[in-house]
Amino acid sequence: MKTRTLWSLFAIVTLSAPAIHVAWSQEPSPPTRAKGAQALPQPSEKKVYKEVGGRKLELWIWKPAGWKAEDHRSAIVFYHGGGWKNGSPNAFARQSAKLAERGMVAISVHYRLTSQEGVTMADCVKDARSAFRWVKGHAAELGIEPTKIAAGGGSAGGHLAATLTTLGNVNDEGDDLKVETQPAALVLFNPAVNLDIAAARAGVTPEKLADLLKLSPHQHLKAGAPPTIIFHGSADTTVPIKSVQDYAARVKELGGTCEVSVFEGKTHAFFNKEPEVWETLRQAETFLEKQGLLSAK
């Protein structure tokens, strides 16, 4: 039986510079809640950070107990997975609620999806960067210290989080480019960080490859990347573990730090499942403590 890789799931690759549309049609979406299972934690509030073509794009915000607007708390901005074509901000509801209990402001981003007419992967990247800029620009009203905003995401969402520090030339024309998108740290879950491998396995032509790689974090890494931790399953056939190991090695070559936490025998999207959801979060909390973004328990 053939294993299905993320790269073989390119149902659509339409590249017409500068627009790029890639749909990974069978990438696992965040699991739906089983009947009788505990409801997902709900956000404290939702804020619209951008409106595009009549679509209002929201930030789902989890606030700690005792939160005040005059606080200077650390924060984390999450991006859900789903192959850029599906998914929901509730994908990181459990992690967001737990980090809020630890004192962080946790935020999950609603961005445009390539399953919507006319939306490309580049649009997803632009939304990711717009959302981070909105959070940073509104730090005072959110009770956040603007220098202590981390970012995280799973799979395609991990790709989007990684673009915050690598794709400085992909921006919405309405963004204030004076607001930097460099996170204080990155927490990535089986992220798609090297689209070169994807293109090779999908048989993308050399002409289209150049455009695709404009959105590939690995190819745009530079010195000064934020401290990063990556959680990955050794048996992931959707995003091969070698791609993140190569990414981590390149970060280190450039003088940065990037840790890969390997979960033996686990496949793609394992971090959404019990008990790994809590083990990855425990390790993420320890990492954030080391970065000074969480107080030690």
Exercise for the section: Output, in order, the C-alpha distance, side-chain angles, deciding distance and verdict of side chain to side chain contact (heavy atoms under 4.5 Å, CB included) for Cys258 and Ile230. Expected result: CA-CA 7 Å; Cys258 184; Ile230 299 175; 3.8 Å; yes
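- Counting all heavy atoms, side chain and backbone alike, Ala75 lies closest to Ile144 at CB-CD1, 3.6 Å.
- Looking only at distances, a side-chain donor or acceptor of Trp67 sits under 3.5 Å from a matching main-chain atom of Leu142.
- Between the side chain of Arg94 and the backbone N or O of Asn272 there is at least one donor-acceptor pair closer than 3.5 Å.
- By the 4.5 Å heavy-atom criterion applied to side chains, Pro89 and Glu58 are not counted as neighbours.
- Not one N or O on the side chain of Asp175 forms a donor-acceptor pair closer than 3.5 Å with the backbone of Leu177.
- Side-chain heavy atoms closer than 4.5 Å link hydrophobic residues (I, L, V, M, F, W, Y) into clusters, and following such links, possibly through other members, connects Leu57 to Trp84.
- At a threshold of 4.5 Å between side-chain heavy atoms, the hydrophobic network of Ile, Leu, Val, Met, Phe, Trp and Tyr places Val251 and Val193 in one connected group.
- Scanning both residues, Glu253 and Arg250, for their nearest heavy atoms gives OE1-NH1, 3.0 Å.
- For Lys148, the NZ atom is loosely surrounded, since the number of other residues' heavy atoms within 6.0 Å does not exceed 12.
- Listed by first and then second residue, the ring pair (Phe, Tyr, Trp, His ring centres under 6.0 Å) pairs that reach into residues 220-248 are Phe189-Phe231, sequence neighbours excluded.
- Side-chain contact between His110 and Lys46 is absent, with no heavy atoms from C-beta onward closer than 4.5 Å.
- Contact annotation: the side chain of Val239 never approaches that of Pro191 to less than 4.5 Å [non-hydrogen atoms, C-beta and beyond].
- When atom types are taken as modelled, the side chain of Asn86 and the backbone of Gly83 share no donor-acceptor pair closer than 3.5 angstrom.
- Val48 and Trp62 end up in different hydrophobic clusters when Ile, Leu, Val, Met, Phe, Trp and Tyr side chains are linked at under 4.5 Å.
- Partner of Val109 under the side-chain contact (heavy atoms from CB on, under 4.5 Å) criterion, chosen from Tyr49, Phe78, Trp60, Phe92: Tyr49.
- Rounded to the nearest 0.5 Å, atoms CG (Leu213) and CG (Asn194) are 8.0 Å apart.
- Side-chain contact between Thr163 and Val170 is absent, with no heavy atoms from C-beta onward closer than 4.5 Å.
- By the 4.0 Å N-to-carboxylate-O rule, Lys50 lies close enough to Asp127 to be salt-bridged with it.
- When atom types are taken as modelled, the side chain of Thr280 and the backbone of Val277 share a donor-acceptor pair closer than 3.5 angstrom.
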Exercise for the section: Could you walk me through whether Arg133 and Asp172 pass side chain to side chain contact (heavy atoms under 4.5 Å, CB included), step by step? Expected result: CA-CA 11 Å; Arg133 284 192 170 102; Asp172 190 290; over 6 Å; no
Practice task
Start with the C-alpha distance between Ile61 and Lys47, add both sets of side-chain angles, then the distance that settles side chain to side chain contact (heavy atoms under 4.5 Å, CB included), and finish with yes or no.
Solution key: CA-CA 8 Å; Ile61 306 169; Lys47 294 274 192 181; 3.6 Å; yes
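- Gly103 and Arg73 get closest at one heavy-atom pair: O-NH1, 3.1 Å.
- By the 6.0 Å contact criterion, NZ on Lys242 is open, its count of non-hydrogen atoms from other residues, nucleotides or ligands being 12 or less.
- A donor-acceptor pair under 3.5 Å is absent between the side-chain atoms of Arg112 and the main chain of Lys126, judged by distance alone.
- Annotation: side chain of Leu164 is in contact with side chain of Arg129 (closest heavy-atom distance under 4.5 Å).
- Residues Leu215 and Leu167 form a side-chain contact, since some pair of their non-hydrogen atoms from C-beta on lies under 4.5 Å apart.
- No side-chain donor-acceptor contact under 3.5 Å links Glu141 to the backbone of His138.
- At a threshold of 4.5 Å between side-chain heavy atoms, the hydrophobic network of Ile, Leu, Val, Met, Phe, Trp and Tyr places Trp134 and Val125 in one connected group.
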Exercise for the section: Determine, stepwise, if the pair Val105 / Asp71 fulfils side chain to side chain contact (heavy atoms under 4.5 Å, CB included). Expected result: CA-CA 10 Å; Val105 175; Asp71 290 343; over 6 Å; no
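- Under the 4.5 Å side-chain contact rule for hydrophobic residues, Leu40 and Met104 do not share a cluster.
- Separating the CG atom in Leu113 from the CE atom in Met121 is a distance of 12.5 Å, to the nearest 0.5 Å.
- The shortest side-chain heavy-atom distance between Thr238 and Asn190 does not fall under the 4.5 Å cut-off.
- If you take NZ on Lys136 and OG1 on Thr147, they are separated by 8.0 Å, rounding to the nearest 0.5 Å.
- Under the 6.0 Å cut-off for aromatic ring centres, His159 and Tyr79 do not qualify, their centroids lying 6.0 Å or more apart.
- Minimum heavy-atom separation, Ser234 to Gly265: OG-N, 2.6 Å.
- Put simply, the side chain of Asp123 does not reach to within 4.5 Å of the side chain of Gln116, judged on heavy atoms.
- With rounding to the nearest 0.5 angstrom, the CG atom of Asp236 is 8.5 Å from the CZ atom of Phe270.
- Shortest non-hydrogen contact noted between Ala161 and Leu186 is O-CD2, 3.6 Å.
- Rounded to the nearest 0.5 angstrom, Ser243 OG and Asp196 CG are separated by 11.0 Å.
- Ionic pairing of Glu285 and Arg282 is not present here: no N-O contact between side-chain nitrogen and carboxylate oxygen is shorter than 4.0 angstrom.
- Distance OG/Ser96 to CD/Gln42: 11.5 Å, rounded to 0.5 Å.
- For the pair Thr228 (side chain) and Pro226 (backbone), a donor-acceptor distance under 3.5 Å is present.
- Between Phe132 and Ala150, the shortest heavy-atom distance links the atoms CE1-O, 4.0 Å.
- Looking at Glu180, its side chain never comes within 3.5 Å of a backbone N or O of Lys178 through a donor-acceptor pair.
- Here the side chain of Ser44 pairs a donor or acceptor atom with the backbone of Lys63 at under 3.5 angstrom.
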